[in-house]
Amino acid sequence: MADYAWRKLLQLIPTVIGVVTLVFLAMRMIPGNATGFMAGDNLSGDALAAMTERLGLGIPMWQQYVNYVTGLLRFDLGTTIVTGLPVSQLILEALPITVMVAVLTVLISCVIAVTIGTIAAYLANKGKKWFDQLITWLTMLVDLMPSFWMALLLMLTFTLTLGWFPASGTINFSDPGQMLQRIALPLMVLCAGQIAMIARITRTAVLEVLGEDYIRTARAFGLPQLRVVFRHALKNAAMPVITVAGLAFGNLLNGTIITEFIFSIPGIGTLLINGINSRDYTLVQSVILVYAFLFILVNMLTDFIYKYIDPRVRL
Amino acid sequence: MRHRFANLTLASVSYPLRMMPGLGWLRSLLGNRIGLIGLSILVPVLLLAVLVPVLPFADPFKTNVSVSLNSPSLEHPFGTDKLGRDVFSRTMTGLQTSLSVGFLVAGITLSFGLLFGTLSGFFGGKLDRLVMAGVDIFLSFPSLLLAIGLVAIFGAGFLPVVVAIAIADIPRAIRLQRSLVLGIKSRAFIDAARMVSATPGWLMARHLVPNTIAPMLVAASITAANAILTEASLSFLGLGITPPEPSLGNIIREGQMYLQEAWWISTLPGLVILLIAISLHLVSDGIREVLDPRARKS
Amino acid sequence: MTPGTQMNPLLQVDQLRTYFHTREGVVRAVNDVSFTLNSGERMAVVGESGSGKSAMAMSLLQLLSYPGSVESGRVLLEGRDLLGMKEEELNHVRGGEIGTVFQDPMTSLDPIMSIGDQLVSHMIRHLRLNPRQARERAAQLLTQVGIPDSEARLRSYPYELSGGMRQRVLIAMALSCKPKLILADEPTTALDVTIQAQIVELLKDISTETGMALLFITHDLGLVARFAQKVAVMYAGRIVEYGSVYDLFERPQHPYTQSLLRTIPSIKGPRPKRLMQIGGFPPDMRQPIEGCAFADRCLAAVPQCRLEAPELEVKHGRQQAACLVDGGIEAVIGQTMPLHREGAEPLPQDELRVETRPVLELQQLTRHFKTDASLFKREGRTVRAVDEIELSLDPGQTLGLVGESGCGKSTTARMLLRLDTPTAGEIVVEGVDIAKLKGEALKSFRRKVQMVFQDPYSSFNPKMKIRDIIMEPLQVMDIGTREDRELKVQDLIRTVGLDTVYLDRYPSQLSGGQRQRIGIARALALDPSIIIADEPTSALDVSVRAQVINLLADLRERLGISILFISHDLSIVRHISDKIAVMYLGKIVEYGSADAIFEDPKHPYTQALLYAAPVPDPVAEEKRTIRLIGGDLPSPSNPPPGCHFSTRCPMVTDRCKQDQPVLEQMADTRKVACFHAS
């Protein structure tokens, strides 16, 4: 297992280098000049030059790259243009909130989605289609709903009409009750999307596994149907489900950007949008990197879980 | 002995029944229930969007403060916004933009996916490794994030949005086409063609692409739906199509401020987005069922 | 018959009827099937794909998957009707009283659960053992079914075992709860010839030792002769013939059985020039069948056959057949086409033997694959897929290439077509070495050697019409005008015995046998001098195989082409070949004329193959001393040192384990690679 982990990490190196380089290059490919882009039209020539100096853009490209990478390794992400605060500090403040929301979403939605998907598949396998059809249509509906629209609907219902959940205010980790109330709506929006996606793949995967020969073998040896599902089907179906859940995490991150924006949750999504609106590219490139690393990390985690379940997986 | 006799499925008691290949599937799509539902939503919506300029709708840009925030009525089916503009005709104009974004992105993605996926899968080796390394890097970013980043660089507006969303989707299309090509490449009919010295161009044009185009089209119609959703999200975040040019996303964004007094501004255009996305998915499901009747079972 | 025939039967199936209610209509898979099985008896149910034999077997245990359902009938196990049983009771019978062995050992075990866990859980449930006892018994069982090092094997996962080993595990599982009956659904179909023989022998021994009854579902009539006592032949969902194995092979009564037995070539005795073939194809089970389902393909059919579905009735002694015509096809054709083993017109041997140069010669042909070296494995391993083989093929003759999976026969074929480039050696076609040809020279060679592929499903582009498929070689090679090509295509499809209306169809609209004919037409398009046929019949139903074999033989005669015939099926290879080469792990171990090799095999591996090949004659099978070889096929990536066969050879000596024997000339044309051959 340790050996496997090392190999997997080694394999990731080219991708990570690629990601870092791509972000670096992209930010310098902005038409015209990055400084000008950030400053807008309201800086004079001298001020522009000073800013170029401060951002370290006055030196050759390769030197900028070296500085940038060494900075990254030391977690020195520069300072924001508007406030002059260190970017790393802003990210460290915002990241726990986003991660907490994401982790909660994954936990809640996996439990619900796997249950729903399994029941649908089990019934469909026996030829009872109505629940399956219902789930199929519901998941499609929810999956295709624009998340910002769903968020607005929920806000309209629960905040503006019923007044149950606040849609603004600070997030305080020391008061879980208040915090949960604050993040309840974003959680609902994010979970809905995740459940829709994972339930659908669970259904397909379990249904497929139930058609496998080894399921028939187990049945031919008198294992009751429900135990067949728990003993053989779920474990085998777990693999495609985990793969998709890993990919769905990308959607989840997309969703956090939008829900944080709507519900004013001070996570890295809000940081990103603010950064873009204030044309603060130091901040934007760092936040994008954080998102990418989160995504890569989760995909690596799913690989490990996969390996843990399936003895066949080799590198 | 190598041949696996089909087990206890339908195939074991009857010879495999497959739909007629060729263009017949388009005709079959009309006979397919799900595909038909999808088309019967999509086609009228498309027509409506195309015909907006000639239909007697209110001017989407004309402000009239006297009818500010009016609720839906016969005159204004979707109500009016703060400036008294007709939300329905703004939605329809926005729809035009949405659909253009959707189909343009789907077309671009399909072309690039077919091109690079086929070359990468067919030739393998260094080219394949290079292409796949690129794909891996791009797929390390959540798709909306990538689009946001690109729009941040390119600036807002129709063309940058199309390019940004396409770039975010192309790697996925390449990967799909590559895996399809790899699956077809190992079949014996490719050997049969190579056995008579068929050139790579012949193999790709006659054997590989014709056998992968159908699933790629299915994927493309989903790409179109996703692109419409992504464009709406970008515009909602204020990074896509910017006012006064209406787009479904920015109409909803503008309505957010008046959510309590004028719920219709945000909710009704959202319903339209949902409707298009669903119809595109139904069409893709229909195509899939028609092409592969076995999919119906699962 | 055992003396206990008077007692109640163990299993009595009565008017069993199973339908599949699909969207396209009702598939009548099993129609009023009845039979009885006494305890300790070994019975075989024989049928082609679509005959309903598997659906019948699954109906017994109520294991049909949706949309299949048992419509009517009774399945009595010791008098208790399984069809009326509650799920709970049934689960007691499943595994506890009836053990099952399935067809495909690769997919019938849970891939992510250890062998031990899969074996133990059933015993804990059925035998109420505690986990330790169950584990001990599991280890014993593995030993009993011939798996060495059983304790360690319990911890293995299925993917770590070979196909034969997995099938043994499944048999151990079937045995584990001491059932009264073992139901084996095509248990050897997915296995190699020598492994198949081992498994059949194992099942037979177990049944004899433990007194368990055995119900064996198969498509292979030869296997039936080897071990069954009673046989039911199924066609289109009905039992058409039912009786003891001796009666069935001695005096088949139903035209289907009669024809089938005549289509199977023998591995002994004189070779007929043509095999008898059954015309047409099995019926489409989605359509309702009026009258006798076999009528369209039957030589003895009378008008009444198309109106009335015959019932099983006693024809001879205790033997039953469902046919309106007494005597079946023998009533019509009499003795003009006798059963093969009673002697048939022998093939003229070496009639026009002129000294000619061979059309194809392989010299030291070698193909090594290197597994990728990675960051952690410094050196990739070399797989010697084909190792210095030498062969020659004379004009107008057929060379049979025989071997089990991994022996390198398909790699050889790919090199001959230059779909793969040899690592070393020469491929001389009509005097030209084509091993390293490139560009235009390679293109002009392509016209000389063409191939018929194994799988009639994947060898055609599903999006192309048959016309375009046959025309493709002409188009690619840019031969003739449009009209020329069209004429040529029409000519070709008639050559292979199909009507030109098929030209406008798609491959999916053709049956397997028809597709294989199209495959032959495509191979002929460029007028090649050599055709390579890679297992051309292995994916086809038994009743259709003879059609394809006869077509190939006819074409050889009419067009003077030479054929390299690759197969694992010894009887077919013997029938069609002039010379035979036997391959084992990349090496040719024996080479000689077909008759000589089958009469007097010299290499122990050839002998083992011949022992393993079943003969469709129970009397002969009983008389034969069958010496099976044990062990698995070694991995081609890691063959044993010395003689590759040394790990399984009954005659092995120390020398065999160190030195590799070379192919040596014995007498006349015979060559053998064995130290003990002379």
Side-chain angles (χ1 to χ4, degrees), chain A residues 14-19 21-23 26-27 29-31 37 124 140-141 143-150 152-153 155-156 160-161 203-204 207-208 211 213 216 247 249-255 257-258 261-262 269 272-273 275-277 279 281 284-285 287-288 291-296 299, chain B residues 7-9 129 133-134 136-155 172 222 225-226 228-230 232-239 248-249 252-253 255-256 259-261 263 266-267 269-282 285 297-298:
Chain A
T15 309
V16 170
I17 293 177
V19 165
T21 312
L22 185 71
V23 171
M27 286 300 157
M29 271 194 296
I30 294 169
F37 171 78
M140 185 174 77
L141 194 73
D143 195 24
L144 295 177
M145 223 177 255
S147 53
F148 58 91
W149 186 64
M150 194 196 299
L152 290 182
L153 288 188
M155 199 193 245
L156 184 62
L160 300 180
T161 311
R203 173 200 165 271
T204 311
L207 194 57
E208 196 162 296
D213 287 350
R216 192 180 55 177
L247 294 175
F249 192 75
N251 280 16
L252 175 57
L253 291 180
N254 290 339
I257 302 176
I258 289 172
F261 174 75
I262 294 177
L272 175 75
I273 302 296
I276 291 175
N277 286 335
R279 300 187 168 189
Y281 98 103
V284 170
Q285 72 174 16
V287 175
I288 287 182
Y291 270 113
F293 286 149
L294 266 182
F295 196 27
I296 293 174
N299 277 321
Chain B
N7 279 320
L8 207 66
T9 55
R129 257 174 283 163
D136 276 345
I137 291 171
F138 275 93
L139 288 183
S140 300
F141 299 97
S143 58
L144 179 65
L145 179 83
L146 192 55
I148 289 177
L150 291 169
V151 169
I153 297 169
F154 299 151
R172 236 173 288 273
I222 290 176
N226 288 345
I228 288 171
L229 291 175
T230 309
S233 303
L234 286 176
S235 300
F236 178 78
L237 293 172
L239 307 170
L248 293 171
I252 297 175
R253 176 187 167 88
Q256 193 193 349
L259 201 54
Q260 199 150 22
E261 322 74 300
W263 53 268
S266 287
T267 49
L271 208 58
V272 174
I273 301 179
L274 183 60
L275 213 60
I276 303 171
I278 287 179
S279 68
L280 280 168
H281 266 252
L282 291 179
D285 275 358
K297 281 200 305 178
S298 54

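Chain naming here is simple, since letters A, B, ... match the order of the sequence lines and numbering starts at 1 in each. Heavy-atom basis, side chains included; hydrogens, waters and symmetry copies ignored.
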Based on non-hydrogen pairs under 4.5 Å, which of Leu153(A), Ile262(A), Asn299(A) is most in contact with chain B?
Ile262(A)
How long is the straight-line distance from CD1 of Ile258(A) back to CG of Leu144(B), given to the nearest 0.5 Å?
5.0 Å
Can Leu22(A) and Phe141(B) be said to form a side-chain contact (heavy atoms from CB on, under 4.5 Å), step by step?
CA-CA 11 Å; Leu22(A) 185 71; Phe141(B) 299 97; 3.7 Å; yes
Taking every non-hydrogen atom, the tightest pair across Ile137(B) and Thr15(A):
CG1-O, 4.1 Å
What heavy-atom pair brings Leu229(B) and Pro146(A) nearest, and what distance separates the two atoms?
CD2-CG, 3.7 Å
The reported gap from OG in Ser235(B) to CZ in Phe148(A) (rounded to nearest 0.5 angstrom) is 8.0 Å
Residue, of Ala147(B), Ser233(B), Gly134(B), that accumulates the most heavy atom pairs under 4.5 Å with chain A:
Ser233(B)
Rounded to the nearest 0.5 Å, how far does OG1 of Thr230(B) lie from CG of Asn254(A)?
7.5 Å
Highest number of heavy-atom pairs under 4.5 Å with chain A among Leu271(B), Leu248(B), Ile273(B) belongs to Leu271(B)
Looking at Pro142(B) and Leu253(A), what are the two nearest heavy atoms and their distance?
CG-CD1, 3.6 Å
Taking atom CD1 of Ile276(B) and atom CG of Leu144(A), what is their separation to the nearest 0.5 Å?
11.5 Å
Atom pair CG (Leu274(B)) and CE (Met150(A)), whose distance is rounded to the nearest 0.5 Å
9.0 Å
If you tally heavy-atom pairs under 4.5 Å between each of Asp136(B), Leu146(B), Leu259(B) and chain A, the highest tally belongs to Leu259(B)
Measure the acute angle between the ring planes of Phe236(B) and Phe261(A), then classify it against the limits of 30° and 60° as parallel, tilted or perpendicular.
perpendicular
Quick check on Ala133(B) against chain A: is it the side chain, the backbone, both or neither that has a heavy atom closer than 4.5 Å?
neither
d(Leu145(B) CG, Ile257(A) CD1) to nearest 0.5 Å is 5.0 Å
